[in-house]
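In what follows, every heavy atom counts, from backbone to side chain, and hydrogens, waters and symmetry copies are set aside. As the structure is a prediction and not an experimental result, all values here were calculated from the model.
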Amino acid sequence: QVQLVESGGGLVQPGGSLRLSCVASGSIFDIGDMGWYRQAPGKQRELVAEITSGGSTNYTDSVKGRFTISRDNAKNTVYLQMNSLKPEDTAVYYCHADLSFGVISLPVDYWGQGTQVTVSS
């Protein structure tokens, strides 16, 4: 069974840090782009950061300079290091990955179950 499993969420004070991890498991042939999205109550899901298989990154403006996305291709894992957290970063964070299951198969979108990040004093 193919799945993305996130970990690392929790409650942190403003200015604090958290590191999210997401592992892709199962019979996966290749992993393309990986990324993190978030959804706050009453708001649409938004892209936080994404990283290509070659390591190119893209961030939403509100997290630039505070968050860092990275990946370990050997471990099928993507990370999100979040520093200088603000209350407005509070949301459920979802891992996303483009997964392929064969040489000629097209990538398929996969999502994790989400992990709650709460920034509050």
Measuring from M82:CE to I69:CD1, what's the distance to the nearest 0.5 Å? 11.5 Å
Check which hydrophobic residues are tied to V5 through side-chain heavy-atom contacts below 4.5 Å, counting indirect links as well, and list them. none
Under a 4.5 Å cut-off applied to non-hydrogen side-chain atoms, are V23 and Q3 in contact? no
Considering only distance and modelled atom types, tabulate donor-acceptor pairs under 3.5 Å from the side chains of residues 31-40, sequence neighbours left out.
{"residue": "R38", "atom": "NE", "partner": "E46", "partner atom": "OE2", "Å": "2.7"}
{"residue": "R38", "atom": "NH1", "partner": "D89", "partner atom": "OD1", "Å": "3.0"}
{"residue": "R38", "atom": "NH1", "partner": "Y93", "partner atom": "OH", "Å": "2.9"}
{"residue": "R38", "atom": "NH2", "partner": "E46", "partner atom": "OE2", "Å": "3.3"}
{"residue": "R38", "atom": "NH2", "partner": "S62", "partner atom": "OG", "Å": "3.3"}
{"residue": "Q39", "atom": "NE2", "partner": "K43", "partner atom": "O", "Å": "3.1"}

Least distance between heavy atoms, G114 atom then E6 atom: N-OE1, 2.7 Å
Please check this pair: side chain of S105 against backbone of F101, looking for a donor-acceptor N/O pair closer than 3.5 Å. yes
The criterion is side chain to side chain donor-acceptor pair (under 3.5 Å); which residues satisfy it with T68, sequence neighbours excluded? none
In one Ile/Leu/Val/Met/Phe/Trp/Tyr side-chain cluster, 4.5 Å: Y110, I28: yes
Do L18 and Y59 share a hydrophobic cluster (ILVMFWY, side-chain heavy atoms under 4.5 Å, transitive)? yes
Quick one: does D98's side chain get under 4.5 Å of V108's, heavy atoms only? no
If you count heavy atoms of other groups shown closer than 6.0 angstrom to CD of E88, is the number above 12? yes
What one should report as the nearest heavy-atom pair of S120 and P14 is C-CD, 3.6 Å
Tell me who clusters with I104, hydrophobic residues only, linked when side chains sit under 4.5 Å apart either directly or through other members. F29, V103
Roughly how far, to the nearest 0.5 Å, is CG of N76 from CG of D30? 9.0 Å
So, taking the atom named OG1 in T90 and the one named CD in Q116, what distance separates them when rounded to the nearest 0.5 Å? 7.0 Å
Pairs flagged by disulfide (SG to SG under 2.5 Å) wherever residues 13-117 is involved - sequence neighbours left out: C22-C95
Please find the pair of heavy atoms, one from V12 and one from L85, that lie closest to each other, and give the distance. CG1-CD1, 3.5 Å
When rounded to the nearest 0.5 angstrom, what distance separates CD in E50 from OG in S56? 10.0 Å
Using modelled atom types only, decide if a donor and an acceptor are shared between the side chain of S121 and the backbone of Q13 within a distance under 3.5 Å. no
Restricting to non-hydrogen atoms, name the atom on A49 and the atom on L80 that form the minimum distance, rounded to 0.1 Å. CB-CD1, 4.2 Å
Residues two or more places apart in sequence or in another chain: which of them pass side-chain contact (heavy atoms from CB on, under 4.5 Å) with D72? A74, K75, Y79
Shortest non-hydrogen contact from L4 toward A24: CD2-CB, 3.3 Å
Working to the nearest 0.5 Å, report the span between CG of L20 and OH of Y94. 13.0 Å
